[in-house]
Amino acid sequence: MAILITGGAGYIGSHTMVEFLNAGRELVVVDNFLNSKPCALERVKQITGKDFKFYEVDLLDKEALERVVCENGIDSCIHFAGLKAVGESCQKPLWYYHNNITGTLNLCEVLQKYNAKRIVFSSSATVYGNPSSVPITEDFPLSTTNPYGETKLMIERILKDLHTSDPEWSISILRYFNPIGAHKSGLIGEDPQGIPNNLLPYITQVAAGRRERLSVFGNDYNTPDGTGVRDYIHVVDLARAHLKAIERAEKITGVEHFNIGTGVGYSVLDIVHAYEKATGIAIPYQITPRRPGDIDECYANPAKAAEILGWKAEYNIEDMCRDAYNWQLKNPRGYDD
Ligand code: NAD
Ligand code: UFG
């Protein structure tokens, strides 16, 4: 039986495919390349020496999606496909709601019809809103501050209702903290279009000389050095969590939520210094005003994933910075090279 991967050409999807193919899993992949390139899939083949079926399908095209599921004996799904930029979601909320929610509804309807009632969903720490304390456990109150986060929370609720209505479903909701880094081969990595929104891709482009200096968004947060604190996790560690999640979903039914983070918070300046140490390259920066919507601190208590999934992050912050830089060095313009 094959596993359907939605959004497999994307940053996290491509790294997860490598782990699944190396584990001998049969994969069928769909992506519409809204935010990715076919080259990422070729690179996955290059790294693993393994093949998989790919369909250029939009989740909004339910008939095409149904054909893929029907033809391939799909029995479970890892669902990455979605739009993910917070700022863009505020400018184009209808697009975000339509793509992320309708796409997921189509997917669940098709999976249910073909009795493939097993799904691992890419949620986000954004569903914890502005947490009242850290580290965050899975039972913290949920709230969101932007349409992107709203789609994640809505999908979590849809999946819970789906299981209530049909207890045969096995649903694993992974709440990712801040994925960074790249596969150690340097063949796949994060390939942001235009000016990066996120910290690590921006620093990486400064290190490569593509941008002059980093803007540190505020140094008056309630944190040890005043800059925002986050839980950065190596994308390969994150990818491996999906393998553990699907193995568990193959054994039990139900809905479970897991924080996927390291449990360690690093400030923006910690990251700048770790990057400098890992690469030997100075990262010029300036302090600028806060970015609207940013919070002081966000890091996980990942104990539930350790206890139930048997998963724990293995890479440290310098590994993450080194691998991000290695990807940048080998692909100065991302997959366009
Ligand atoms: P990404 O943009 O690199 O990958 C998403 C993939 O989904 C892309 O290849 C895109 O082309 C595809 N896609 C989007 N809409 C589609 C549709 N309607 N039909 C078919 N394919 C479609 O993003 P990523 O960083 O790999 O994130 C994967 C998932 O994890 C997303 O759901 C994202 O919201 C979630 N997530 C990401 C982060 C992060 O910081 N990267 C953090 C938390 C959660
Ligand atoms: N930051 C800067 N300068 C930059 C970019 C970011 O100082 O150029 C700071 C931010 O203010 C924040 C930290 O670096 O303190 C991390 O910012 P990111 O944009 O890299 O990540 P966020 O924590 O804001 O958000 C990310 C994803 C969200 C997701 C969230 C939790 O972008 O989609 O992690 O998973 F919801």
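As the structure lists them, so they are numbered: ligands from 1, and atoms in each ligand from 1.
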Review point. Under 4.0 angstrom from ligand 1, any heavy atom of V30?
Key: no

S123 near ligand 1 by a heavy-atom separation under 4.0 Å: yes

The single option from Y176, W311, F20 that satisfies ring pair (Phe, Tyr, Trp, His ring centres under 6.0 Å) with H242 is Y176

Next item on the list: Could you state whether L214 and I287 fall into the same hydrophobic cluster, counting links through intermediate Ile, Leu, Val, Met, Phe, Trp or Tyr residues with side-chain heavy atoms under 4.5 angstrom apart?
Entry: yes

Among Y285, Y221, Y202, F217, the residue with a heavy atom nearest to atom 5 (C) of ligand 2 is F217

- [ ] Examine ligand 1 and decide if any of its atoms is less than 4.0 Å from a heavy atom belonging to P179.
- [x] yes

Heavy atoms of V206 and P284 approach each other most closely as CG1-CD, 3.7 Å

Note: ligand 1 atoms sitting under 4.0 Å from heavy atoms of F33 are 11 (O)

Near S122 (heavy-atom distance under 4.0 Å), the atoms of ligand 1 are 29 (C), 30 (O), 32 (O), 35 (C)

Using heavy atoms and a 4.0 Å limit, tell me yes or no: is K152 in contact with ligand 1? yes

Is L60 close to ligand 1, meaning an N/O of one under 3.5 Å from an N/O of the other?
no

Quick look: V57 vs ligand 1, heavy-atom contacts under 4.0 Å, and the answer is backbone

